[in-house]
Amino acid sequence: MSFELKGISKLGDKERLDELISYIKIQLDDEDDSLALMANISAFIMAILKDLNWAGFYLVGEDDLVLGPFQGLPACTRLAFDKGVVAKSYRLDEIIKVDNVHDFDGHIACDSSSMSELVVPIKSKGHIVCLIDLDSPIENRFTDIDVEGFKKIAELMNNRI
Ligand code: SME
C-alpha cells in the first residue's frame, strides 16, 4: 500500500481530518500490532494535519506515563500522573484542549515552541491505555472540529491498541 497523500495542501481543516480518519481506518483494518499502529498513526497525523510541531503517544505505565511512538523533536520520556496536560487528560478521562499552554498551570514544555495542545485518551476494556498528544506552535490552533475529529479517532482506536 502506498500513501502519497496527494492534494493534501488544498484541503481545509475538516477535510484533512476526514482524510486522516480514512487512513487510520485502513491502518486498523490492515494491522493489529499496537506499536506499528501508533507509529504510523503519529506519522499520518503529522503528515495530514496543519501546523503541528509534535504528534505522538504516551503509554500508561505502572508509575507514570511513558513516551511512545511520535513525530517531532525528542520529548520527555516520562510524565508523572500529577503534572501537565497529558496527565490531566488521563486523570479526568477526557479530551483536553489547551489554547495557550502558558496559561496552563503545570504545563510541561518538551519543545519550547509549543503554544497550544490537544490530548486524547485511548481505552482498552474500559481503561485508558495510551493518550494521543498533539502540540502546535500556534496559539488557539485546535478547534471544536479537531475535538470532534479526535473523538471519532478515539472511538476507532479504542480496544485496538
Ligand atoms: N506538554 C505535555 C508534555 C508532553 S510534550 O508536549 C510532548 C504536558 O504538559 O503533559
Side-chain angles (χ1 to χ4, degrees), residues 3 5 8 13 16-17 19-21 23-24 27-28 33-124 126-158 160-161:
F3 300 103
L5 301 173
I8 287 288
D13 292 346
R16 283 176 189 249
L17 275 163
E19 191 83 350
L20 174 61
I21 289 168
Y23 278 111
I24 290 176
Q27 290 291 291
L28 291 167
D33 183 89
S34 297
L35 186 61
L37 285 168
M38 288 188 283
N40 253 359
I41 288 170
S42 56
F44 276 119
I45 293 171
M46 206 62 167
I48 295 174
L49 300 188
K50 275 193 302 189
D51 300 325
L52 300 180
N53 58 321
W54 203 91
F57 289 83
Y58 276 92
L59 315 182
V60 178
E62 286 207 1
D63 301 320
D64 46 21
L65 301 164
V66 187
L67 183 64
F70 70 95
Q71 300 264 313
L73 288 179
C76 316
T77 53
R78 289 179 185 268
L79 304 174
F81 287 129
D82 61 355
K83 187 171 183 249
V85 185
V86 181
K88 184 171 181 186
S89 172
Y90 174 67
R91 289 196 311 276
L92 298 183
D93 186 3
E94 62 187 42
I95 293 178
I96 294 198
K97 176 166 80 69
V98 179
D99 294 334
N100 183 332
V101 295
H102 302 297
D103 295 337
F104 185 100
D105 192 23
H107 169 258
I108 300 162
C110 299
D111 176 348
S112 62
S113 70
S114 297
M115 282 297 292
S116 56
E117 183 158 359
L118 185 72
V119 182
V120 183
I122 306 295
K123 292 183 174 183
S124 185
H127 298 287
I128 299 172
V129 288
C130 64
L131 301 102
I132 302 174
D133 183 20
L134 308 179
D135 288 329
S136 171
I138 295 174
E139 194 176 346
N140 290 313
R141 155 67 182 80
F142 301 104
T143 64
D144 290 344
I145 293 176
D146 294 300
V147 171
E148 286 313 307
F150 273 89
K151 269 185 197 162
K152 284 187 197 154
I153 289 169
E155 280 163 20
L156 291 170
M157 293 183 68
N158 285 340
R160 303 294 299 277
I161 295 287

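Counting starts at 1 for both ligands and their atoms, in listed order.
Between Glu19 and Arg16, none of the side-chain N atoms (NZ, or NE/NH1/NH2) sits under 4.0 Å from a carboxylate O, so this pair counts as no salt bridge. Ion pairing between a basic and an acidic side chain is recognised when a charged N comes within 4.0 Å of a carboxylate O; Asp146 and Arg141 show such pairing.
The distance from ligand 1 to the heavy atoms of Cys110 drops below 4.0 Å at these ligand atoms: 3 (C), 4 (C), 5 (S), 7 (C). Within ligand 1, counting atoms from 1 as listed, the ones closer than 4.0 Å to a heavy atom of Asp133 are 4 (C), 5 (S), 6 (O), 7 (C). Every atom of ligand 1 is numbered from 1 in the order shown, and the set under 4.0 Å from a heavy atom of Trp54 is 7 (C). Ligand 1 places these atoms under 4.0 Å from at least one heavy atom of His107: 1 (N), 9 (O). Ligand 1 places these atoms under 4.0 Å from at least one heavy atom of Asp135: 5 (S), 6 (O), 7 (C). Atoms of ligand 1 lying under 4.0 Å from at least one heavy atom of Glu117, given by number and element, are 1 (N), 2 (C), 6 (O), 8 (C).
The backbone N or O of Glu94 lies less than 3.5 Å from a partner atom in the side chain of Ser89, making a donor-acceptor pair. With Asn100 contributing its side chain and Glu139 its backbone, the two residues share no donor-acceptor pair below 3.5 Å. A side-chain donor-acceptor contact under 3.5 Å links Ser116 to the backbone of Ile138. A donor-acceptor pair under 3.5 Å is absent between the side-chain atoms of Asn40 and the main chain of Ala36, judged by distance alone.
With respect to atom 8 (C) of ligand 1, the closest heavy atom belonging to the protein is Val85 N, 3.3 Å. The nearest protein atom to atom 1 (N) of ligand 1, hydrogens excluded, is given as Ile108 O, 2.7 Å; this is a heavy-atom distance.
Between Val86 and ligand 1, at least one pair of N/O atoms sits closer than 3.5 Å.
Contacts of Tyr58 with ligand 1, taken as heavy-atom pairs under 4.0 Å, involve the side chain alone.
Taking CG of Leu156 as the start and CZ of Phe150 as the end, the distance is 11.5 Å to the nearest 0.5 Å.
Within the 4.0 Å heavy-atom shell around ligand 1 one does not find Phe70.
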request  = Determine, step by step, whether Leu67 and Tyr58 satisfy the side-chain contact (heavy atoms from CB on, under 4.5 Å) criterion, reporting the C-alpha distance in whole Å, the side-chain angles of both residues, the deciding distance to 0.1 Å, and the verdict.
outcome  = CA-CA 5 Å; Leu67 183 64; Tyr58 276 92; 3.7 Å; yes
